[in-house]
Protein chains: 2
Amino acid sequence: MRPNKRDELVSKALKVFYRDGFHATGMDKLVAETGVSKTSMYKHFRTKEDLIVAALRLRDENFREWFYRRIEEMAETPAGQLIASFDALKEWFEEDGFRGCMFIKAGAEYQETDHPIHVQAAEHKQLLLEHFTSVAEQAGARDPQKLASQIVLLQEGAIVSAVLLKNCDPAEDARDAAQQLLALALT
Amino acid sequence: MRPNKRDELVSKALKVFYRDGFHATGMDKLVAETGVSKTSMYKHFRTKEDLIVAALRLRDENFREWFYRRIEEMAETPAGQLIASFDALKEWFEEDGFRGCMFIKAGAEYQETDHPIHVQAAEHKQLLLEHFTSVAEQAGARDPQKLASQIVLLQEGAIVSAVLLKNCDPAEDARDAAQQLLALALT
DNA sequence: GCAAAAGTTAACAGATCGGTACACCTTATT
DNA sequence: AATAAGGTGTACCGATCTGTTAACTTTTGC
């Protein structure tokens, strides 16, 4: 079992899960789309659940890497980066094939809080919160934890609204709100 | 087909769908939990999809009724009601069996934007946005649409975070943020 | 060049999926 | 009492679900 083969499978499965959902995607479809045989698939992953968890881990890596990097490209100061996060989100929303946040969807389909898939989704959100808490600290916020929490709330809200509300611009409204909260947190 | 029987079926199905998810809930399980025969179930609802849409409609009715009423009980002025919405949310989060927003979950499981279930979920969010826009108008906000949009963003974010982030108080952080945004929108 | 590892196809479990066919039983109205 | 509508249980349909088995081929390392 070449490890890179495994990575390739995870990467392709990730795309299908993101596009079609978890319960709605059967192993047969994954086998067909990856071109690998079912036997090989089950040699790499003991169960479908294992495959989903692996896909979520890859998604967490990819997404956070992209998000943090894009934010740093857009703004130099920590305060500017808190705001730039919403411009990065807006870029994401406008991508072809944008289908919302994979972790919100994972948490929605696997609701038991101790389910491995739910845990994986929760960890992703926790990591994002910690990251923005440290950025808020560097920005010199009076209460960095609270400011970061509020920034993240706006981010989550923007993602959900980008999926369910058409004809409006959640990223921009969220950005403006963050701008105001930030100004108040720095005085 | 007594119409009240149909309502009873929708009401029970709603509970199961909310608790266990849509794809994860089979018609067999619903038949078992409602005590009705499969034949009768399919006399009332042509397909599972029809049943889900009916359940979502009932949920929309129930939730908005509860939410608006509770907010009015908590605050008299429109400005106060915008803030009280987060206290109402907090009550909801602390209820036994809280499992997040049914419409976010529906939108997550049925992603095609023209799918009847997705449409139903989007309508719910649209109605909420319109309601809070009118409350923001009554409160005398400078830009009621923008303020309402931001309040709703914070609400959605709080719901998602209440599901995925433990050991933190999203409703309170969202409330504080709304408080600040409101103050700025009224000056 | 040879053996182990990793890959393949293909058929097959047993369960569950959404949905239907059919014969029987209640109940209210006439 | 007769009828018809609404409700019942049960068995069934073909498709799909996750996961397995077995025999065969390719790639790889030594």
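Each chain gets a letter, A, B and so on, in the order its sequence line appears, and its residues count up from 1. Only this structure's heavy atoms are used, side chains among them; waters, hydrogens and symmetry mates stay out. These numbers were taken from a predicted model, which means no experiment stands behind them.
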The helix from C:dG1-D:dC30 to C:dT30-D:dA1: angle between end helix axes, five pairs per end, rounded to 10 degrees
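Rounded to the nearest 10 degrees, the bend comes out at 10°.
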Pick out the pairs of N or O atoms, protein on one side and nucleotides 23-28 of chain C on the other, that lie under 3.5 Å.
none

Would you kindly check if the NZ (Lys) or CZ (Arg) of B:Lys48 is within the cone defined by 45 degrees around the ring axis of B:Phe22 and under 6.0 Å from the six-membered ring centre?
no
Considering only residues two or more places apart or on different chains, which pairs with a residue in residues 122-132 of chain A satisfy salt bridge (charged side-chain N to carboxylate O under 4.0 Å, His left out)?
A:Lys125-A:Glu156
Quick one: which residue pairs count as a salt bridge (charged side-chain N to carboxylate O under 4.0 Å, His left out) with a foot in residues 62-90 of chain A, not counting sequence neighbours?
A:Asp60-A:Arg64, A:Arg69-A:Glu73, A:Arg70-A:Glu73, A:Arg70-A:Glu91, A:Asp87-A:Arg175, A:Lys90-A:Asp169
Figure out the CG/P separation between A:Leu51 and D:dG19, and round it to whole Å.
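The distance from CG of A:Leu51 to P of D:dG19 comes to 10 Å, rounded to the nearest Å.
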Whole-Å gap separating P (D:dT10) and NZ (B:Lys38)
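Atom NZ in B:Lys38 sits about 14 Å away from atom P in D:dT10.
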I'd like a table of donor-acceptor pairs (distance under 3.5 Å, sequence neighbours excluded) in which one partner is a side-chain atom from residues 92-99 of chain B, with atom names and distances.
{"from": "B:Arg99", "atom 1": "NH1", "to": "B:Arg19", "atom 2": "O", "distance (Å)": "3.4"}

If you link ILVMFWY side chains whenever their heavy atoms are less than 4.5 Å apart, which other residues fall into the same cluster as B:Leu127? By chain and number, please.
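Members besides B:Leu127: none; it forms no cluster.
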Residues touching DNA chain C, which here means a heavy atom under 4.0 Å, drawn from residues 18-33 of chain B
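Within residues 18-33 of chain B, the residues near DNA chain C are B:Thr25, B:Gly26, B:Met27, B:Asp28.
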Proximity to the side chain of [X] - top-ranked nucleotide from [options]:
X	options	value
B:Thr47	D:dG19, C:dT9, C:dG19	C:dG19
A:Lys48	D:dT8, C:dT8, D:dT18	D:dT18
B:Ser40	D:dT8, D:dG19, C:dT20	D:dT8
A:Val36	D:dG19, C:dT20, C:dT8	C:dT8

Output a table of donor-acceptor pairs, distance under 3.5 Å, between side-chain atoms of residues 178-187 of chain B and any protein atom two or more places apart or on a different chain; print 'none' if there are none.
{"from": "B:Thr187", "atom 1": "OG1", "to": "B:Leu184", "atom 2": "O", "distance (Å)": "3.0"}

Residues that B:Lys15 engages under salt bridge (Lys or Arg N to Asp or Glu O under 4.0 Å), provided they are two or more places apart:
none
With A:Arg57 via salt bridge (Lys or Arg N to Asp or Glu O under 4.0 Å) - residues at least two apart:
none
Is it true that B:Glu8 and B:Lys12 make a salt bridge, defined as a side-chain N closer than 4.0 Å to a carboxylate O?
yes
Among residues at least two apart in sequence or on other chains, which ones pass side chain to side chain contact (heavy atoms under 4.5 Å, CB included) with B:Tyr42?
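Residues passing side chain to side chain contact (heavy atoms under 4.5 Å, CB included) with B:Tyr42: B:Met27, B:Lys38.
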Can you sort out the partners of A:His118 under ring-ring contact (aromatic ring centres under 6.0 Å, His included), two or more places apart, ordered by chain and number?
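By the ring-ring contact (aromatic ring centres under 6.0 Å, His included) rule, A:His118 matches no residue at all.
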